[in-house]
Amino acid sequence: MKDVYLFSGFLGSGKTSMLTDVIRQLKEKGLKPAVIMNELGKLPFDSQAVEEDVPLKEMLEGCICCSGAEKTEAQIQSLLLDSEFDVLIIETTGAAHPVEALDAVYSPIFAEQLNVKGIVTVADSKLWLHRDTLTPQVRTLFMEQIRHAHLLLANKTDLLTEAEQAQVVYELQGFNPHAFILQTTNGRVPYHLLENLSATVKIDKQHIVKAPIASMHLGSRLVEFEGVHFTQEQMEEWVRGLPDTVYRMKGYVPIEGVKNPMLFQYAYGMVQWLPEFIKMPAKLVLIGENIDRVHVIGID
């Protein structure tokens, strides 16, 4: 399996500085990195920081989430087929919501090949102290990126006094008690902190292998439907009973009387069914908070 990291953070927070330093550390360990970089503009400014020997896929003029999700899946499949790498780093645009980005990355088509280690968010410490100056919409995104992090970098601490540094760490811990918080300058993070992350719940013969509790605030879970079939009504009844902490689901569900498992997608309380003309593996990916505690129809 390939380890995958999602690098999140607001515009100008220091994500690219972190990316280049992590690539350096990976190479020193003899590991081959690959990168998917998402930028909103027409020119790939940030990608110039990635050395030529690192497999790189770029997404310009679009967000990794929403309409860009299918492009992201195609890029990951292309890397898995065509490139030799050990670790995949996905640097999301500063305008990406972490849940949307995770949803775009974790396709049931290649879920077994990827081990999503977690979301690493770089937070501009000075901006955190002055977050009230942001517009409500921008402030909400900034806070969401921090709230869903598994590892949180309080970056640019060199611009703060000691009292301000202490205030930032105290407030960030209160806002996201699940994340490990590291004070940084230039986004430098020791690679062993990344290695210790684990946001994926693994299923082994229908037994859940739990990730460390500290990392399980936002995570994903892959389930396989072996020898079971449902009606659409049974599936939708199960969906109606799910807690609000389940944000996304997508996969292929075996339905009684239908030849091939149907494509099933769930978001914001809405369900979508689409027929599949080829036989896809009957697997479902769930994304949400404390996802290991959710009862799955036909499994638990």
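Hydrophobic clustering (ILVMFWY, side-chain heavy atoms < 4.5 Å, transitive): Leu172 and Leu159 are in distinct clusters. Hydrophobic clustering of Ile, Leu, Val, Met, Phe, Trp and Tyr side chains at less than 4.5 Å, counting indirect connections, keeps Leu81 apart from Ile278. One hydrophobic cluster holds both Val294 and Val271 under the rule that ILVMFWY side chains link at heavy-atom gaps under 4.5 Å. Val228 and Trp273 fall within the same hydrophobic cluster, where Ile, Leu, Val, Met, Phe, Trp and Tyr residues are linked whenever their side-chain heavy atoms come under 4.5 Å apart, directly or through other members.
Between the CD1 atom of Ile146 and the CG atom of Leu141 there is a distance of 10.0 Å, given to the nearest 0.5 Å. A distance of 9.5 Å separates OH of Tyr247 from CD1 of Ile291, quoted to the nearest 0.5 Å. Atom CD1 in Ile89 sits 13.5 Å away from atom NZ in Lys15 (nearest 0.5 Å). Considering CZ of Phe175 and CE of Met143, their distance stands at 4.0 Å, rounded to 0.5 Å. Glu164 CD to Leu129 CG: the interatomic distance, rounded to the nearest 0.5 Å, is 5.5 Å.
Under the 3.5 Å distance criterion, the side-chain polar atoms of Gln272 are left unmatched by any main-chain donor or acceptor of Gln265. Judged by distance alone, the side chain of Ser78 and the main-chain N or O of Ala74 form no donor-acceptor pair under 3.5 Å. Panel note: side chain Lys32, backbone Glu84; no donor-acceptor pair is recorded below 3.5 Å. At least one donor-acceptor pair under 3.5 Å links the side chain of Thr121 to the backbone N or O of Gln145. Between the side chain of Asn115 and the backbone N or O of Lys117, no donor-acceptor pair lies under 3.5 Å. Arg131 places no side-chain N or O within 3.5 Å of a backbone atom of Phe142 that could act as its donor or acceptor partner. The backbone N or O of Ile287 lies less than 3.5 Å from no partner atom in the side chain of Arg248, so there is not a single donor-acceptor pair. Under a 3.5 Å cut-off, the side chain of Thr92 and the backbone N or O of Phe7 do form a donor-acceptor pair. In terms of modelled atom types and a separation under 3.5 Å, the side chain of Asn260 and the main chain of Glu276 share a donor-acceptor contact. Between the side chain of Trp238 and the backbone N or O of His295 there is at least one donor-acceptor pair closer than 3.5 Å.
Contact detail for Ile109 and Gln77: the closest heavy-atom pair is CG2-NE2, 3.6 Å. The shortest heavy-atom contact between Pro33 and Lys27 is CD-CG, 4.5 Å. Nearest heavy atoms, Asp132 versus Arg139: O-NH1, 3.8 Å. For the residue pair Pro281 and Tyr252, the shortest heavy atom distance occurs at O-CB, 3.4 Å.
The aromatic rings of Tyr5 and Tyr191 sit perpendicular to each other, their planes meeting at more than 60°, with 30° as the lower class boundary.
A side-chain donor from one of Asn155 and Thr184 sits under 3.5 Å from a side-chain acceptor of the other.
For the pair Leu114 and Ile76, the minimum side-chain heavy-atom distance is below 4.5 Å. Put simply, the side chain of Val239 reaches to within 4.5 Å of the side chain of Phe264, judged on heavy atoms. Annotation: side chain of Val258 is not in contact with side chain of Gln232 (no heavy-atom distance under 4.5 Å). Between Thr185 and Thr157, some side-chain heavy-atom pair lies under the 4.5 Å cut-off. Residues Thr245 and Asn290 fail the side-chain proximity criterion, which asks for heavy atoms closer than 4.5 Å.
The pair Glu144-Arg147 meets the salt-bridge criterion, with a side-chain N (NZ, NE, NH1 or NH2) lying under 4.0 Å from an Asp/Glu carboxylate O.
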